[in-house]
Amino acid sequence: MCFACSPRNPIGLHLQFSLEDGVCRTTFTAGEVHQGWNGCMHGGLIATLLDEVMAQWLWLQGIAGMTAEMTTRFSRPVPVGVPLEVTARQTGGRGRLFELAAEIALPDGQVPVHARAKFLKV
Ligand SMILES: CCCCC/C=C\C/C=C\C/C=C\C/C=C\CCCC(=O)SCCNC(=O)CCNC(=O)[C@H](O)C(C)(C)COP(=O)(O)OP(=O)(O)OC[C@H]1O[C@@H](n2cnc3c(N)ncnc32)[C@H](O)[C@@H]1OP(=O)(O)O
């Protein structure tokens, strides 16, 4: 019962994903229960969004992969109560190793957080 994507997880994020033109996409609006600092989404949950959208880039193409490495640049706080667009794309890789990048965009187009990760096909 995946915390990020299972519709049956009672405390989960219930994310839904699409893949088009090499870009995996989901949307999420954080609430008060997802806060760290007042008004700001918790960084661990931000990383969860980014990790999951990259994992789903693989999964929607029939590839089961696990995160082997991930770096996250938190440039600006992510506000609660606004719809976030979360996207991922491939940046490289060879064999079982997939290099992916993901970002979160605010409605005005600002990108407060982005991440890079390496996934290993399992
Ligand atoms: C898996 C479930 C499948 C079933 C799914 C069923 C239903 C699922 C439904 C929906 C699923 C949709 C999405 C997925 C859901 C959630 C996923 C979110 C993503 C995560 O949140 S997931 C949790 C956090 N994640 C971990 O819990 C990983 C712990 N870890 C390991 O389990 C191993 O570590 C593993 C498997 C990663 C690799 O282990 P391994 O034994 O297979 O491979 P090994 O270590 O031998 O590496 C082989 C070659 O890759 C090179 N290599 C390795 N790491 C590298 C790195 N970082 N950079 C550069 N190169 C690297 C080596 O250097 C070697 O290179 P060379 O071949 O040249 O020697």
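In each ligand, atom 1 is the first atom listed, and ligand 1 is the first ligand listed. Side chains are part of it too, since the values below use all heavy atoms of this structure and drop only hydrogens, waters and symmetry mates.
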query = Residues two or more places apart in sequence or in another chain: which of them pass side-chain contact (heavy atoms from CB on, under 4.5 Å) with Leu120?
reply = Ala68, Arg96, Leu97
Short side-chain to backbone donor-acceptor contact, Thr26 and Leu15, under 3.5 Å = no
Tabulated below should be the N or O atoms of ligand 1 paired with protein N or O atoms at under 3.5 Å; can you produce that?
unit_1: ligand 1; atom_1: 21 (O); unit_2: Asp51; atom_2: OD2; d: 2.6
unit_1: ligand 1; atom_1: 21 (O); unit_2: Thr67; atom_2: OG1; d: 3.3
unit_1: ligand 1; atom_1: 25 (N); unit_2: Thr67; atom_2: O; d: 3.0
unit_1: ligand 1; atom_1: 42 (O); unit_2: Arg96; atom_2: NH2; d: 2.6
unit_1: ligand 1; atom_1: 57 (N); unit_2: Glu69; atom_2: OE1; d: 2.9

ask   = Any chance the rings of Phe28 and His14 have centres within less than 6.0 Å?
value = no
inquiry  = I'd like to know if Arg25 and Glu85 make a salt bridge, using a cut-off of under 4.0 Å between side-chain N and carboxylate O.
reply    = yes
request  = For atom CG of Asp21, decide whether the heavy atoms of other residues, nucleotides or ligands shown that lie under 6.0 angstrom number more than 12.
outcome  = no
message = Please report the interatomic distance CE(Met41) to OG1(Thr29), rounded to the nearest 0.5 Å.
response = 9.5 Å
